[in-house]
Each structure stands twice: as C-alpha cells, then as structure tokens.
Amino acid sequence: MSENRFGAVKSILDFAAARAAARPIVMTTAYDALQARLAARAGIDAVLVGDSVAMAVHGLPSTVHATLEMMCAHTAAVRRGAPDLVVVADLPFLAHRRGCAAAAEAAGALVQAGATAVKLEGLAGHEDVIAHLVGSGIPVMGHLGLTPQSVHLLGGYRVQGRSVDDAEAIRAAARQAAELGVFALVLECVPAALAATITAELSVPTIGIGAGAETAGQILVITDLLGLDPDFRPRFVRRYLDGAQLVQGALAAYAADVRAAGFPAREEILA
Ligand code: KIV
C-alpha cells in the first residue's frame, strides 16, 4: 500500500490493500474545494461527493433532488480542492435505472468532472449496469441497506435488515455486488451484527454509516460530523465540532463589531 501525506489510500486498489491489512478506511463526504482540501490535509483516505449535497448544501428535502449537473459541479470543485485524493461521486436518482448506455453516460460525466469512481444505490434490476460500468473501466462503489434515493418506497429513513428475510436479502445482494466487481460497499443503517457478517464474508471492504464498528471502514456526512446542523442529530453520528455554535458565534461577533464601529480597526484599513 502506498503511504503518503494524505493517508494510505492513493487509488481504489488501496481499498483492497487496506481491507487485507485490516486497516480501517476513513471516508467523509465533501461538497466543495475547501472541504476537500481540509479532508486531504487531515489524512482522510477518500471523499464521497454524496447526493446528500442536495440536502446539506442546497437545502432540498431529500437526495432525490440531486441532479447530474449538480453532482458534476460539486465533483469538479472537490477535485480542484484535492487533486490527489480518491473522489467517489454519487450517481444521482435514477441515473443507473435507465439502462447501461445512459448509466455509462452519467458515470462518464462524473469521471470527466474529476471523480475517481462512482457510487450507486441498490442492486436488483441494475446488476447489468454495475458490470457494464466496471467493464468500461469505471470503478463502482455499491450502497446497500438504507438507500435514501428509495426513501418514499422505504417509508422514511429507517434501519434496514432487521427481519431475518430482509437481512438475508441484503446479505445476498452484498455477495452479488462483490461478484459484479464493486471495489467497496457502503452499508447504511443496518444492524451491527448484519454488517459484521457481511464484512466477514466479503473480500471487498465494507464502509459503514450507522452500521456498527465491524465494517472495514466508516463514512460520515461532513456537515454532520462538524455539527453544522443543530437540528439533525441521529444516534450514529458523532459530532467532532459544535460547528453551528462556533460559526453562529463568529458571525454574531462580527455583526456586533461592525455595529459598534469596532471593525475594521486601524491595522485592518488599507492605506
Ligand atoms: O450521499 C451520501 O452522503 C451518502 C452517504 C450517506 C454514504 O451516500
């Protein structure tokens, strides 16, 4: 595995190497150049330009509102901020459900915008698309469990795989995704025991979010881990910063300074 100042993952091949070495893979989402640069400097292994950008950045109600144009623009910004990082970009809602040619076109646009790989949700009904993209030279990350693009079908953001049948279906889909050539598999909001079982039986690494401690890696949404949304606090998120309070406090201090003629000060005034 190539060691470097950004972390140990330099290409998607290093995902398998990390899995083989039992070295946890660390991912976050990133939506812009600055976030990507900070993630790279912090030693994050790889970033995901998640379709969660629709909610976290654009204030839209769900990820089904992410468009290919939106995903390409954010992917390009992330790539500019982190030229050497593995950047995975989400195929937006339905982009992989319109057949192989349309999926290849969408994935190609993301790769040309700067993505190293694409991620797509689910498996049933687009197995051929996964094989086609991998066969076309585009690395694919899978995503099973809670698949937010299916929020309306799932009846909300709920833990998946709690019943024996559901767990078995996710487990079988995970095996099939690996056979189809995904280089890694996101498991979102599934019971920890199920994630551990899947992780143990796959040679490709699992990347968990709300899936317990025994996946091969973890991913968190960057705005969640930075605590930027005070109203969103699922149990599986750990906040590493009270970002909302810090940012709001800084903005309030700036406003107070301007109103009290305390900003700009003499040394901040250009001659
Ligand atoms: O869009 C996203 O942020 C994701 C992660 C939750 C894995 O898919």
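Counting convention: from 1, in listed order, for ligands and their atoms alike. Throughout, residue positions are numbered sequentially from 1 according to the sequence presented.
Within a 6.0 Å radius of OH in Y254, other residues, nucleotides and ligands contribute 12 heavy atoms or fewer.
A donor-acceptor pair is defined here as one N or O able to donate and one able to accept, closer than 3.5 Å; no such pair exists between the side chain of Q245 and the backbone of G243. S62 places a side-chain N or O within donor-acceptor distance of the main-chain N or O of V64, the cut-off being under 3.5 Å. For R19 (side chain) and A22 (main-chain N/O), no donor-acceptor pair under 3.5 Å exists by modelled atom type. Counting only distance, with no hydrogens or angles, the side chain of H96 and the backbone of E121 share a donor-acceptor pair below 3.5 Å.
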Give every pair made of an N or O atom of ligand 1 and a protein N or O atom lying under 3.5 Å apart, one pair per line with both atom names and the distance to 0.1 Å, or write 'none'.
{"from": "ligand 1", "atom 1": "1 (O)", "to": "D51", "atom 2": "N", "distance (Å)": "3.2"}
{"from": "ligand 1", "atom 1": "1 (O)", "to": "D51", "atom 2": "OD1", "distance (Å)": "2.9"}
{"from": "ligand 1", "atom 1": "1 (O)", "to": "S52", "atom 2": "N", "distance (Å)": "3.1"}
{"from": "ligand 1", "atom 1": "1 (O)", "to": "S52", "atom 2": "OG", "distance (Å)": "3.2"}
{"from": "ligand 1", "atom 1": "1 (O)", "to": "D90", "atom 2": "OD2", "distance (Å)": "3.2"}
{"from": "ligand 1", "atom 1": "3 (O)", "to": "S52", "atom 2": "OG", "distance (Å)": "2.5"}
{"from": "ligand 1", "atom 1": "8 (O)", "to": "K119", "atom 2": "NZ", "distance (Å)": "2.9"}

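Pairs of residues two or more places apart, or lying in two chains, that qualify as salt bridge (Lys or Arg N to Asp or Glu O under 4.0 Å) and include a residue from residues 190-208 are R171-E201, R175-E201.
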